[in-house]
Amino acid sequence: MSGSKQKAIVPAKEGRAFHVKKGQHFRITTPHGGQGSDFFAYNAHSVAEWLSPMHTWHLTRSLRPRAGDVFLTRFRRPIVRFVEDGADGIHDMLLSACDQFRYELIGVTGPHASCSDNLMTAMRREGYEISTIPQPVNFFCNTNVRQDGTLEAPGNNVKAGAYVVLESLIDTICIVSSCPFDVVVDDWEINRDSRPTELEVEVI
Ligand SMILES: [Zn+2]
């Protein structure tokens with residue numbers, strides 16, 4: 001996907017890359033609600049530079065992305081602005097992208113789709129072989145830090161049609177992955193009812 005005025009469906013459990021020019025806005029939507037969206041962004045002119053939540057925390061002083069925040073790259077330069085939050089603040093940027101190792105740790109015995117593989121495939125389709133999986137921003141994920149520092153992921157209560165609007169501050173390649181997490185784990189729900197659904201991405 002490239003150019004302006006684009007709208008695309010990211011099928012359930014899959015990932016897609018799209019190009020966003022400096023100054024362009026784009027919207028990510030969970031049409032059915034409750035679907036985690038792993039989000040990655042690279043400098044389109046140098047994919048060694050990517051969005052990094054850990055570097056962003058220093059600037060925003062928040063473990064959770066909020067409307068108005070600017071995400072930084074690992075070189076601490078602005079890359080994407082969080083313009084509008086249509087998901088009531090239910091987002092995460094603590095959890096790593098899911099991968100084959102994680103699914104095996106929780107008992108999956110065969111190959112399983114993952115956000116890490118979705119990212120690698122999407123970047124291959126752009127002509128890049130990547131060897132590092134950056135920390136994603138997990139939009140529409142209801143994970144929380146309790147007062148004592150422990151983590152919880154109660155039911156995903158993100159409403160149908162919830163969205164975020166972002167603005168690229170440089171030319172970017174962005175990747176959206178419909179998190180394929182479909183394993184039922186006690187007290188740890190990533191996608192509502194552990195049933196992944198599609199996402200919608202629109203460059204506006
Ligand atoms: Zn995932």
Side-chain angles (χ1 to χ4, degrees), residues 10 15 20 25-30 33-43 49-99 101-103 105-106 114-116 118-119 132-159 162-170 172 174-181 183 185-192 194 196 199 201:
V10 179
V20 189
H25 289 61
F26 56 106
R27 182 187 294 117
I28 306 170
T29 304
T30 167
Q35 173 60 44
S37 168
D38 282 40
F39 174 76
F40 308 86
Y42 293 85
N43 178 344
E49 183 172 24
W50 56 74
L51 185 158
S52 170
M54 295 85 117
H55 294 79
T56 299
W57 295 332
H58 288 281
L59 180 70
T60 64
R61 305 276 178 94
S62 174
L63 293 174
R64 220 185 252 287
R66 302 159 301 180
D69 285 350
V70 170
F71 298 104
L72 300 185
T73 70
R74 70 188 187 110
F75 303 149
R76 301 189 193 275
R77 299 196 294 185
I79 182 166
V80 168
R81 186 194 314 277
F82 190 177
V83 175
E84 185 180 338
D85 187 0
D88 303 318
I90 305 170
H91 310 292
D92 165 274
M93 51 180 179
L94 288 172
L95 299 184
S96 57
C98 63
D99 50 35
F101 310 112
R102 180 168 170 196
Y103 288 110
L105 276 174
I106 55 177
S114 70
C115 290
S116 297
N118 285 345
L119 170 65
T132 298
I133 306 298
Q135 170 68 30
V137 178
N138 301 302
F139 290 117
F140 319 131
C141 278
N142 189 23
T143 55
N144 300 293
V145 182
R146 297 190 192 96
Q147 196 67 32
D148 65 357
T150 58
L151 297 173
E152 63 174 6
N156 190 322
N157 56 352
V158 174
K159 64 193 178 195
Y163 65 91
V164 294
V165 176
L166 306 167
E167 176 189 7
S168 265
L169 300 175
I170 59 172
T172 55
C174 296
I175 294 88
V176 168
S177 171
S178 161
C179 182
F181 199 96
V183 184
V185 178
D186 281 348
D187 301 324
W188 195 267
E189 182 177 277
I190 298 299
N191 301 310
R192 182 176 302 147
S194 299
L199 295 164
V201 179

[atom1] of [X] to [atom2] of [Y]: how many Å apart, nearest 0.5 Å?
X: Glu189; Y: Ser194; atom1: CD; atom2: OG; result: 5.5 Å
X: Phe39; Y: Ile28; atom1: CZ; atom2: CD1; result: 5.0 Å
X: Cys174; Y: Leu51; atom1: SG; atom2: CG; result: 8.5 Å
X: Ile190; Y: Cys141; atom1: CD1; atom2: SG; result: 5.5 Å
X: Ser177; Y: Phe40; atom1: OG; atom2: CZ; result: 6.5 Å
X: Ser168; Y: Ile79; atom1: OG; atom2: CD1; result: 7.0 Å

Hey, do the aromatic rings of Phe82 and Phe139 have their centres closer than 6.0 Å?
-> yes
For a 4.5 angstrom cut-off between non-hydrogen side-chain atoms, does [X] reach [Y]?
X: Asn144; Y: Asn142; value: yes
X: Val176; Y: Val10; value: yes
X: Met54; Y: Gln135; value: yes
X: Val83; Y: His25; value: yes
X: Ser96; Y: Ile133; value: no
X: Asp186; Y: Trp188; value: no
X: Leu169; Y: Val70; value: yes
X: Cys115; Y: Pro180; value: yes

Taken in chain and number order and not counting sequence neighbours, the residues that satisfy side-chain hydrogen bond (donor to acceptor under 3.5 Å, both in side chains) with Thr30 are none
By side-chain hydrogen bond (donor to acceptor under 3.5 Å, both in side chains), Asp92 pairs with (sequence neighbours left out) Asn138, Thr143
Give the minimum heavy-atom separation between [X] and [Y], together with the two atoms involved.
X: Lys159; Y: Asp88; value: NZ-OD2, 3.6 Å
X: Asn191; Y: Gly36; value: OD1-N, 2.8 Å
X: Met93; Y: Arg64; value: CE-C, 3.9 Å

Is a side-chain N or O of [X] found less than 3.5 angstrom from the main chain of [Y], in a donor-acceptor match?
X: Asp85; Y: Val164; value: no
X: Asp148; Y: Thr150; value: yes
X: Thr172; Y: Ala41; value: no
X: Thr132; Y: Pro134; value: no
X: Asp38; Y: Cys179; value: no

Is atom CZ of Arg61 surrounded by more than 12 heavy atoms (other residues, nucleotides or ligands) closer than 6.0 Å?
-> no
| query | So, Asp69 and Arg66, do they make that salt bridge, N to O below 4.0 Å? | reply | yes
Sorted by chain and number, sequence neighbours left out, ring pair (Phe, Tyr, Trp, His ring centres under 6.0 Å) with Phe181 holds for Tyr103
Candidate pair Leu199 and Thr29, rule side chain to side chain contact (heavy atoms under 4.5 Å, CB included), full reasoning: CA-CA 6 Å; Leu199 295 164; Thr29 304; over 6 Å; no
Taken in chain and number order and not counting sequence neighbours, the residues that satisfy salt bridge (Lys or Arg N to Asp or Glu O under 4.0 Å) with Arg27 are Glu202
Here the ring-ring contact (aromatic ring centres under 6.0 Å, His included) pairs for residues 53-75, sequence neighbours left out, are none
| query | Among side-chain atoms of Thr60 and Thr56, is any donor-acceptor pair under 3.5 angstrom? | reply | no
Check: Ser178/Gln35 side-chain N/O donor and acceptor closer than 3.5 Å: yes
Contacts satisfying salt bridge (Lys or Arg N to Asp or Glu O under 4.0 Å) that involve residues 70-84 (not counting sequence neighbours) are Glu49-Arg77, Arg81-Glu167
